[in-house]
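Remember, it's a predicted structure, so these values are computed and weren't measured experimentally.
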Amino acid sequence: MRADLQAPFWAPQRIVLTGPSMEPEEHVLDPADNGYAGEIREVRAAMAEGRTESSIMPLDESLAMMGLLADARRQIA
């Protein structure tokens, strides 16, 4: 599957998904969800509820992703 993002990539307003056995699928994003808005909402909600960790992206998952990216960097360096 391929995702084509409208520029700027960090805050696209439109994403088109394509794959070998599918018609292009366009998703128009709400400007309120662009950039880091979703992350900011999650942090705000967690803090308001007294949580120290996100239920959407727990610390263990963040650490696993960092390890994956570090491995990728080592492989291309």
Side-chain angles (χ1 to χ4, degrees):
M1 180 172 290
R2 174 184 166 142
D4 292 307
L5 306 175
Q6 180 184 37
F9 73 88
W10 64 87
Q13 294 180 7
R14 184 175 153 272
I15 297 174
V16 178
L17 302 176
T18 54
S21 60
M22 67 181 280
E23 291 292 320
E25 189 177 288
E26 180 178 25
H27 296 268
V28 177
L29 305 176
D30 184 332
D33 288 330
N34 278 337
Y36 293 105
E39 288 88 342
I40 293 168
R41 279 194 303 274
E42 173 63 10
V43 168
R44 187 181 311 138
M47 291 176 68
E49 296 169 8
R51 292 184 285 128
T52 58
E53 186 171 27
S54 168
S55 56
I56 296 171
M57 186 62 142
L59 178 60
D60 288 344
E61 192 130 350
S62 294
L63 294 174
M65 182 63 67
M66 290 170 57
L68 179 67
L69 293 172
D71 285 346
R73 281 192 299 274
R74 277 192 293 276
Q75 291 177 30
I76 61 172

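- Taken from CZ in R14 to CD in E26, the straight-line distance is 4.5 Å, to the nearest 0.5 Å.
- No more than 12 heavy atoms of other residues, nucleotides or ligands lie within 6.0 Å of CE in M66, so this atom counts as exposed by the packing criterion.
- We find that E53 and R51 are not joined by a salt bridge, their nearest charged nitrogen and carboxylate oxygen being 4.0 Å or further apart.
- The local environment of CE in M57 is crowded, with over 12 non-hydrogen atoms from other residues, nucleotides or ligands closer than 6.0 Å.
- A continuous path of ILVMFWY side-chain contacts below 4.5 Å connects M1 to L5, so both sit in one hydrophobic cluster.
- Taking OG1 from T18 and CD from E25, the interatomic distance works out to 10.0 Å, rounded to the nearest 0.5 Å.
- In this structure the side chain of L29 reaches within 4.5 angstrom of the side chain of P12, judged on heavy atoms.
- Around atom CD of E23, no more than 12 heavy atoms belonging to other residues, nucleotides or ligands sit under 6.0 Å away.
- To the nearest 0.5 angstrom, Q13 atom CD is 10.0 Å from D30 atom CG.
- Between R73 and D71 there is no salt bridge, since no side-chain nitrogen of the basic residue lies less than 4.0 Å from a carboxylate oxygen of the acidic one.
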Side chain to side chain contact (heavy atoms under 4.5 Å, CB included) between S54 and E39, intermediate numbers included: CA-CA 10 Å; S54 168; E39 288 88 342; over 6 Å; no
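- Under a hydrophobic-cluster definition in which Ile, Leu, Val, Met, Phe, Trp and Tyr are linked whenever side-chain heavy atoms come within less than 4.5 Å, directly or via other members, M22 and I15 are assigned to the same cluster.
- W10 and V28 fall into different hydrophobic clusters, defined by Ile, Leu, Val, Met, Phe, Trp and Tyr side-chain heavy atoms under 4.5 Å apart, directly or through other members.
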